[in-house]
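Accompanying notes for the structure given below.
Note that the coordinates shown come from a computational prediction; the quantities given were computed from them, not determined experimentally.
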Amino acid sequence: MKSPDVPVTAGVRALRAASVDFVPLLFEYVERGGARHSAEALGVPEHAVVKTLVMEAKGRGGAPTALLVLMHGDREVSTRELARQIGAREVGPVSAAKVETLTGYVPGGVSPFGTRKALPVYVEESVLALDAIHINGGKRGFLVRISPVDLIRVLAPVAVKVAIERRDRSSASD
């Protein structure tokens, strides 16, 4: 993958260092477009677009611990269930500023590969059953298509079952 079209990000460097075969997918980024826009722009199922969410777990008296959660684009994370499964008191998203501090990426362009700090990674179990996933490559408007087998090999994520149906705000008036 030496194409000049491929952005050279920390995520791409990490994938290349791990000898991961990936397909770069570029599209026009839309602020707050999310996984739905990515899927439409690339012509792939939203369920196969995997979001990288930066969260924080609060334990019983200790300092908060940052973590990554990989979730289907058309699902949300049950933070209550995630907290239960990982033994935390509560789990919630971190601020946009903290996202960049922890990962080195800006919100909307967060890849689980090549993060500034090594963070524990949790993945929705059903993501691993897909034939291929489309996940951020480390830049807004840039996803990479990889095999879930490579995701497991490179990140060694912990599988969890925390997906819930997304509350679709756009259909509320239908």
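Considering all non-hydrogen atoms of both residues, T115 and K117 come closest at OG1-O, 2.7 Å. Listed here is the closest heavy atom pair of V49 and A35: CG1-CB, 3.8 Å. Residues G114 and Y105 come closest through the heavy atom pair O-OH, 3.5 Å. For G108 against N136, the heavy-atom pair with the smallest separation is O-ND2, 3.4 Å. Between F27 and F142 the shortest heavy-atom distance is CE2-N, 3.7 Å. In terms of heavy-atom proximity, A18 sits nearest to V154 at CB-CG2, 3.7 Å.
The CE atom of M55 lies 12.0 Å from the CD atom of E90; values are rounded to the nearest 0.5 Å. L68 CG to F113 CZ: the interatomic distance, rounded to the nearest 0.5 Å, is 10.5 Å. Annotation: the span from L119 atom CG to T103 atom OG1 amounts to 8.0 Å, rounded to 0.5 Å. Rounding to the nearest 0.5 Å gives a distance of 10.0 Å between OG of S38 and CG of L25. A distance of 12.0 Å separates OG of S111 from CZ of R13, quoted to the nearest 0.5 Å. In this structure, the separation between CG on L82 and CD on E124 is 10.0 Å, given to the nearest 0.5 Å.
Cluster membership check: Y29 does not share its hydrophobic cluster with V44, using side-chain heavy-atom separations under 4.5 Å among Ile, Leu, Val, Met, Phe, Trp and Tyr. Taken together through direct or relayed side-chain contacts under 4.5 Å among Ile, Leu, Val, Met, Phe, Trp and Tyr, L15 and V121 form part of one hydrophobic cluster. Under the 4.5 Å side-chain heavy-atom criterion for Ile, Leu, Val, Met, Phe, Trp and Tyr, L155 and V69 are members of distinct hydrophobic clusters. When hydrophobic clusters are built by joining Ile, Leu, Val, Met, Phe, Trp and Tyr residues whose side-chain heavy atoms come closer than 4.5 Å, directly or via intermediates, V110 is grouped together with V12. No single ILVMFWY cluster, assembled from side-chain heavy atoms under 4.5 Å apart, contains both I133 and M71.
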task: Decide yes or no on side-chain contact (heavy atoms from CB on, under 4.5 Å) for R140 and E31, but give the supporting numbers first.
output: CA-CA 9 Å; R140 291 175 170 178; E31 190 71 37; 3.7 Å; yes
| query | What do the steps show when you test L128 against L151 for side-chain contact (heavy atoms from CB on, under 4.5 Å), and what is the final call? | reply | CA-CA 8 Å; L128 302 175; L151 179 90; 3.9 Å; yes
* side-chain contact (heavy atoms from CB on, under 4.5 Å) between L70 and V127: does it pass, once the steps are laid out? -> CA-CA 8 Å; L70 308 180; V127 165; 5.7 Å; no
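With F22 as the fixed residue, the side chain to side chain contact (heavy atoms under 4.5 Å, CB included) test singles out one of L143, D150, I146: I146.
A salt bridge links R75 and E165; the closest N-O separation between the charged side-chain nitrogens and carboxylate oxygens is under 4.0 Å. Under the 4.0 Å criterion applied to side-chain N and carboxylate O atoms, R116 and E100 are not assigned as salt-bridge partners.
Although no hydrogens or angles enter the test, the distance criterion places no donor-acceptor pair under 3.5 Å between the side chain of S78 and the main chain of V162. Put simply, the side chain of H134 gets close to the backbone of A48: a donor and an acceptor are under 3.5 Å apart. H37 places a side-chain N or O within donor-acceptor distance of the main-chain N or O of E28, the cut-off being under 3.5 Å. Remark: the backbone N or O of G137 is paired with a side-chain donor or acceptor of T9 at under 3.5 angstrom.
Residue pairs meeting the ring pair (Phe, Tyr, Trp, His ring centres under 6.0 Å) criterion with at least one member in residues 41-67, sequence neighbours excluded, are H47-H72.
Taking E81 as the reference, R84 meet the salt bridge (charged side-chain N to carboxylate O under 4.0 Å, His left out) condition, with sequence neighbours excluded. Partners of K58 by salt bridge (charged side-chain N to carboxylate O under 4.0 Å, His left out), not counting sequence neighbours: none found.
Counting heavy atoms from C-beta outward, V123 and V158 have side chains that stay 4.5 Å or more apart. You'll find the side chain of R153 reaches within 4.5 Å of the side chain of V20, heavy atoms only. Between L67 and V54 the shortest side-chain heavy-atom distance does not fall below 4.5 Å. Side chains of V149 and I152 form no contact here, defined as non-hydrogen atoms less than 4.5 Å apart.
Residue-environment remark: NZ (K51) exceeds the threshold of 12 foreign heavy atoms within 6.0 Å.
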